[in-house]
Amino acid sequence: MTSILDQYEQASQLSQRTKPPAEPMISSGYINMQLEDDVPMFSKQKMKIYPSDLITHAAVSNDYLVLAMANSRLFRFDLKDPVREEEIHYSKYVQPNSKLTNIFLDPLGNHLLMSFVPPPNMKDKSPELVYLHSKSKKPKSVTKSQNFEVTGVGWNYENKSSSTTGPILLGTSHGLLFETELMEDSDTMFTANQQYWRTIFDIGKGCETPIIGIQFHRISNTNTYFIFVATPTRLHPFIGPAVMTDDRPSLKSVFYPYIQRPETGFQEIPSTLKYSKLQFFFDKNDTPKTFGWLTEPGIFYGQLDPASQQNSNSLGITGALIHYPPGPDGKDCTPLSFVLTEFHLLLMYSNRVKVISLLNQEIVHEDVYSEAHGDLKCIIRDSEKRIIWTFTNKTVFRYKIVREERNLWRIYSDQEKFDLAKEYCQNNPAFIDIINVKHAELLFSKGQYEKSAEIFAETQRSFETICLKFLESDQICALKIYLSKRLETLNDDDNTLIPMIVIWMTELYLSQLGHLRRTGKEDSIKYHEIQSDFETFLLQPKFTKCMQHLKSVIYDLMSSHGDKQNLLKLTYLNEDYENVVSQNIHRKSYLEALNTLQNLKKPALFYQFAPVLMVEAPKNTVNTLIAQGNILDPAKLLPAFLSCQSDKDHVTEIIRYLEYMLQHFNVQNKAIHNYLLTLYVEHDKASLMRYLARQGQDVTLVNYDVHYALRLCREKNISVACVSLSALLGLWESAVELALQEDLALAKSVANQPDTDETKRQLWLYIAENVITKNQDLKEAMSFLEECPLIKIEDILPFFSDVVTIDHFREPICQSLQNYNNQIEEEKAEMEEATKSAEYVRAEIQSFRNRSVRVAVGAACSLCEITLLLRPFYLFPCGHKFHSDCLMSETMPILAPTRRNRLADLQKQLTLLSGIELNTLTSSGLPLRELLKNQMDDIIASECIFCGEYMISCIDKPFISDEDWDTVVKEWE
């Protein structure tokens, strides 16, 4: 349970927290955004560590705590193992009555150095330096340090060994610098194991100048070291290469250049204090980042970047003096000690700790310590664990730091460092908004209106207020920038502000462009810049989306400004081409409308405006349609053509377009062909015949409706076309009849077109009848016989009148009789040849009946290889022999299903019928048994299975089936 004293101290600590000034939320629309964090930035915690006596000195490193007490004992405490506590009585290891002046603990907490001085009344005694390892309880004297009081130690931060300190620097009260290395050695009882001991530099140049702080570090990836040595009034920087021996640096070489010449580059601050302190702050990579040096006027604070000066002979120090805050009496009070964090200084006084911001030197926190805890002795920052400790006479405290960078955004914002402010605002939208408002207001006050507008657009400040600021200052360009940026940040569902900004910006652009045109500056650079920005604005997605609802408003706005050029561009950008073409047609600018359509290549617009354009400008319209090629569908243009086909000029252009499409793109649409054919029938009969000829005489391949074409041609009395169309439909008699009315040659050509000879003969007879009956011309009749071999003289004789005598037909009749005689002779020869073939076949059959084959007694079946004569068998002319049952079992699987079923029926009849039934004679004169066996033989023994078609069809089949594969493989194995 917390004591009353501790509760009082916590309440006091909370009440003394310095709160940053509140920012007026004039800019944002953020609601209930808390700008202050309730968790304290610095809060101390009392540790449950109870030393046996008052604390005189303390050291902390790597969670390892060492306290020196007034009873000449050391209290050691490992925070990683809180159960283990140690107390060591060190007075018996040093000279009697020696006074402990300081203790030094290395960064890893393994090596402890204790500095002692004799009492003032014992001048024959010398100062001592004692070494104690963390695993040992027996301090050991560093013998070579006698006669020198060690007041500062520069630990080796690269050393990671627990048994050795590595090369370190020791500073004395006389200003001497020593380099040494100490090691844990259990063999020596009373003295520390020193690898070496060398004097490397004298800061005071012979004067007794105490060294109160030493820090040295190596510049990454080099052998160059920089060393800071602090005295009460001076801060000395050194830089130079170290001699490496067995990967261990010898720091003495760093000081060689400074021995032969006067030292320069040090920082001197007058001070009457007899104490001081040097502190470094390390970043997350354990690289020194900043430093602080305690002096009487204040803390000298600066940034560290030795790498930029590693090639220089001296290391320059840059920094500034941070003055101490006034004490309770209003006067500056020098602290006893301090520690350095990334952004703050913690100043320790006898009864309080004040936290000062490094950026604005304001107090951000103050802790007052109760008298019950005693006076503050020291404040220490554990560089390894990054924890701050404070020690009073009686108590140990630990500080917890929570987001010490929380207020940096406000400080940087006040200092007009807005980019840094945003880095430290933790992406808090309310903080970012405050920063942006300050930045924008500052730029506005400096006259940088356009940059101010860009930043104002990122804030939540009132839209109307910002617009009025720019309007009152007559900054139209900046206003446009603000509106554009604000438009980009708006959500797409903001249906109020987005349309308003779009209309406003359009008005601003049009006004600027119109003003420049009126003043004759249309070719100026400014005009082109504004025009380019306007075109970019028109391409924005939000503008395009708004155009779906604001189309008429924007068009009216552009029309009111007389800006036809941008109106046309806008219609192109929004693909509102219908409006452009409609306007051109309304102004009777048909060529412009056609040019627009030709450039757009939008088929839908052609179909929409073609009726009007064909009526007003047929030739130019057809030229444009032809230029589109196969992009357009001619069938969809038919309504436009139908509306203007009464005029001859229009029809000519329509025919030109349709012929072009048929010739170059092989259009097969029946509607197009029927329409073109209709135009030919009505206006161009010569082209009609050429068209029908190109389409051919195959009714399945023509692209027009033949019946429709025939009906149309009959209505217009185009006989020649009717002849061609009737022939195409197979109406041969009608075609020949029409052809005879026009031209005999045409009729003859039609008669030759049918595929069958009989139809040709009938047509020719019809032609002959019509011609001979009318003319009774013997020569013409004879020409029919020559032109068509299918007609004989006897076919045309009935067409002559009775007056004509047979003498006129003597030659044709004789010729016909001669032809008949030749045919009779040919038939006789064929009959004689057939008779001879029949006799030859009968002779062959008779020879086969007397043919015999000898079978040896030991002959075997070609399938089962068993003696052939043991069972009924088949013998083939090729020499193969098979048992009847073997051949049947081999043939059965390869038979077709019908023949297999037939064979099964025959076998069934032989099995089921009785002997009397089987011996019954059939109509063929053979017993039923023999007839059935002959039928079975026809199925089974129709061919040799080794030499017939079956063997050829099986050539691609494997020798071993899939079912037998596993068995065969096992046999082979």
Side-chain angles (χ1 to χ4, degrees), residues 830 833-834 836-972:
E830 289 178 0
E833 185 177 355
K836 290 180 182 179
S837 298
E839 291 177 356
Y840 177 78
V841 170
R842 282 194 296 270
E844 285 290 321
I845 293 173
Q846 188 64 32
S847 65
F848 271 107
R849 287 179 179 176
N850 299 326
R851 183 179 178 183
S852 62
V853 178
R854 295 192 179 199
V855 179
V857 176
C861 173
S862 298
L863 288 173
C864 65
E865 298 182 357
I866 298 176
T867 303
L868 185 66
L869 299 178
L870 293 178
R871 298 197 300 273
F873 63 90
Y874 292 96
L875 178 64
F876 290 91
C878 62
H880 291 112
K881 302 171 281 293
F882 307 98
H883 288 130
S884 58
D885 56 345
C886 293
L887 184 60
M888 183 177 293
S889 61
E890 187 71 18
T891 307
M892 185 70 76
I894 66 175
L895 292 175
T898 304
R899 292 173 64 84
R900 190 184 305 120
N901 295 334
R902 176 60 181 163
L903 180 61
D905 290 340
L906 294 174
Q907 288 178 325
K908 187 176 182 181
Q909 292 182 34
L910 284 174
T911 304
L912 297 178
L913 294 177
S914 62
I916 298 174
E917 293 174 333
L918 293 174
N919 292 327
T920 303
L921 295 177
T922 61
S923 60
S924 62
L926 296 174
L928 180 59
R929 183 193 305 276
E930 187 174 352
L931 181 63
L932 295 176
K933 286 186 176 181
N934 289 339
Q935 292 178 359
M936 292 177 63
D937 291 343
D938 290 340
I939 297 174
I940 297 173
S942 61
E943 63 177 1
C944 175
I945 60 174
F946 286 170
C947 302
E949 294 181 359
Y950 168 70
M951 186 57 63
I952 297 174
S953 63
C954 292
I955 193 169
D956 60 339
K957 294 183 179 180
F959 292 108
I960 302 172
S961 63
D962 295 338
E963 293 79 6
D964 299 335
W965 179 257
D966 294 336
T967 304
V968 173
V969 170
K970 291 181 180 179
E971 291 178 356
W972 286 352

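What you see is a predicted model, and the numbers here were worked out from it, not measured in a lab.
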Quick check for you: to the nearest 0.5 Å, what is the distance between Leu887 atom CG and Lys881 atom NZ? 13.5 Å
Evaluation steps, side-chain contact (heavy atoms from CB on, under 4.5 Å), between Leu903 and Thr891: CA-CA 11 Å; Leu903 180 61; Thr891 307; over 6 Å; no
Could you go through residues 927-938 and list every donor-acceptor pair under 3.5 Å that involves a side-chain atom there, pairing it with any protein atom two or more places apart or in another chain?
| unit_1 | atom_1 | unit_2 | atom_2 | d |
| --- | --- | --- | --- | --- |
| Asn934 | ND2 | Glu930 | O | 3.3 |
| Gln935 | OE1 | Arg902 | NH2 | 2.6 |
| Asp937 | OD1 | Tyr874 | OH | 2.5 |

Distance-minimising heavy-atom pair for Glu890 and Ile945: CG-CD1, 3.3 Å
Heavy atoms, side chains only, cut-off 4.5 Å: are Leu875 and Leu868 in contact? no
State, with a plain yes or no, whether a side-chain heavy atom of Ile939 is found less than 4.5 Å away from one of Leu906. yes
Taking side chain to side chain contact (heavy atoms under 4.5 Å, CB included) as the test, write out the residues that go with Arg871, two or more places apart. Cys864, His883, Asp885, Cys886
How long is the span from the NZ atom in Lys908 to the CG atom in Asn901, to the nearest 0.5 Å? 11.5 Å
Write out all pairs satisfying ring pair (Phe, Tyr, Trp, His ring centres under 6.0 Å) with one or both partners inside residues 930-949, taking only residues at least two apart or from two chains. His880-Phe946, Phe882-Phe946
List the residues meeting side chain to side chain contact (heavy atoms under 4.5 Å, CB included) with Glu839, not counting sequence neighbours, and say none if there are none. Thr835, Arg842
Which pair of non-hydrogen atoms, one from Glu943 and one from Gly948, has the smallest distance, and what is that distance? OE1-CA, 3.5 Å
For Leu870, check side chain to side chain contact (heavy atoms under 4.5 Å, CB included) against everything at least two apart and list the hits. Ile866, Thr867
